[in-house]
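Structure record follows, encoded as structure tokens.
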Amino acid sequence: MNIRWGGSVWELMLVKRAVGTALSNSASGGYSTLLRDGARNLVGHADLFKGGRAVAGIVVISAAASSALTVATMKVTPRLKTKFRPAAQDTAAEAAEATSDTPVEETGSPGAAATRCLTSGRTSS
């Protein structure tokens, strides 16, 4: 993939270099293919490979991994819902048991403890 821009040709490349080496700085602000060691001594040249196929391969691998993750999530989600649903239902059942079967309405002043049962009309304190 070549792009002509600003009087130059831009091309995506993969760089192969030896471990412990670094690319030399270029006068244009980029890097040159000259390899230097940790003491900045010139030790050789880097190998350049066209990067278009590598990028296409990375995209394909990423798409496949994403699809596999999506399928795995879709298969696991119902199991997780089933596993955690009983706990939520038990909690709801316990909360229902903790409440009274008869609705109660508080009456009187804020300091009074009088309540009246809604179903029978009785008042208790």
Side-chain angles (χ1 to χ4, degrees):
M1 175 165 103
N2 295 332
I3 300 171
R4 294 180 185 266
W5 182 54
S8 299
V9 176
W10 296 75
E11 188 171 353
L12 182 64
M13 303 292 281
L14 293 176
V15 178
K16 178 183 171 188
R17 59 184 174 86
V19 175
T21 62
L23 297 173
S24 294
N25 292 328
S26 172
S28 66
Y31 297 100
S32 73
T33 60
L34 297 175
L35 292 178
R36 299 196 179 268
D37 61 10
R40 303 299 296 157
N41 297 319
L42 182 63
V43 293
H45 287 274
D47 296 325
L48 301 178
F49 299 94
K50 292 199 177 270
R53 284 188 176 167
V55 170
I58 290 170
V59 168
V60 168
I61 290 170
S62 297
S66 176
S67 297
L69 182 61
T70 300
V71 168
T73 302
M74 290 173 64
K75 286 186 176 185
V76 169
T77 300
R79 292 182 188 148
L80 290 176
K81 284 183 178 179
T82 303
K83 182 175 182 178
F84 291 113
R85 184 175 296 135
Q89 288 174 347
D90 291 344
T91 304
E94 290 171 4
E97 288 174 8
T99 61
S100 173
D101 292 338
T102 307
V104 175
E105 176 185 279
E106 291 188 16
T107 61
S109 65
T115 59
R116 183 173 60 86
C117 184
L118 292 176
T119 57
S120 66
R122 292 175 291 157
T123 303
S124 63
S125 53

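The first residue in the sequence is number 1, and the count goes up from there.
Considering all non-hydrogen atoms of both residues, Arg17 and Ala46 come closest at CB-CB, 4.4 Å. For Trp5 against Trp10, the heavy-atom pair with the smallest separation is O-NE1, 3.4 Å. Nearest heavy atom pair, residue Ser26 against residue Ser32, reads CB-N, 4.1 Å.
With values rounded to the nearest 0.5 angstrom, Asp47 atom CG is found 11.5 Å from Leu14 atom CG. Summarising the geometry, atom NE2 belonging to His45 is positioned 15.5 Å from atom NZ belonging to Lys16; distances are rounded to the nearest 0.5 Å. To the nearest 0.5 Å, atoms CZ (Arg36) and CG (Asn25) are separated by 9.0 Å.
Under a cut-off of 6.0 angstrom, the local environment of CZ in Arg40 is crowded, with over 12 non-hydrogen atoms contributed by other residues, nucleotides or ligands.
Hydrophobic cluster membership of Tyr31, counting Ile, Leu, Val, Met, Phe, Trp and Tyr whose side-chain heavy atoms lie under 4.5 Å apart directly or via other members: Met13, Val15, Leu23, Leu35, Val43, Leu48. Through side-chain heavy atoms spaced under 4.5 Å, either directly or across other Ile, Leu, Val, Met, Phe, Trp or Tyr residues, Leu42 is tied to Leu34.
In terms of modelled atom types and a separation under 3.5 Å, the side chain of Ser66 and the main chain of Ser62 share no donor-acceptor contact.
A search for side-chain contact (heavy atoms from CB on, under 4.5 Å) contacts involving Thr73 returns Leu69, Thr77, not counting sequence neighbours.
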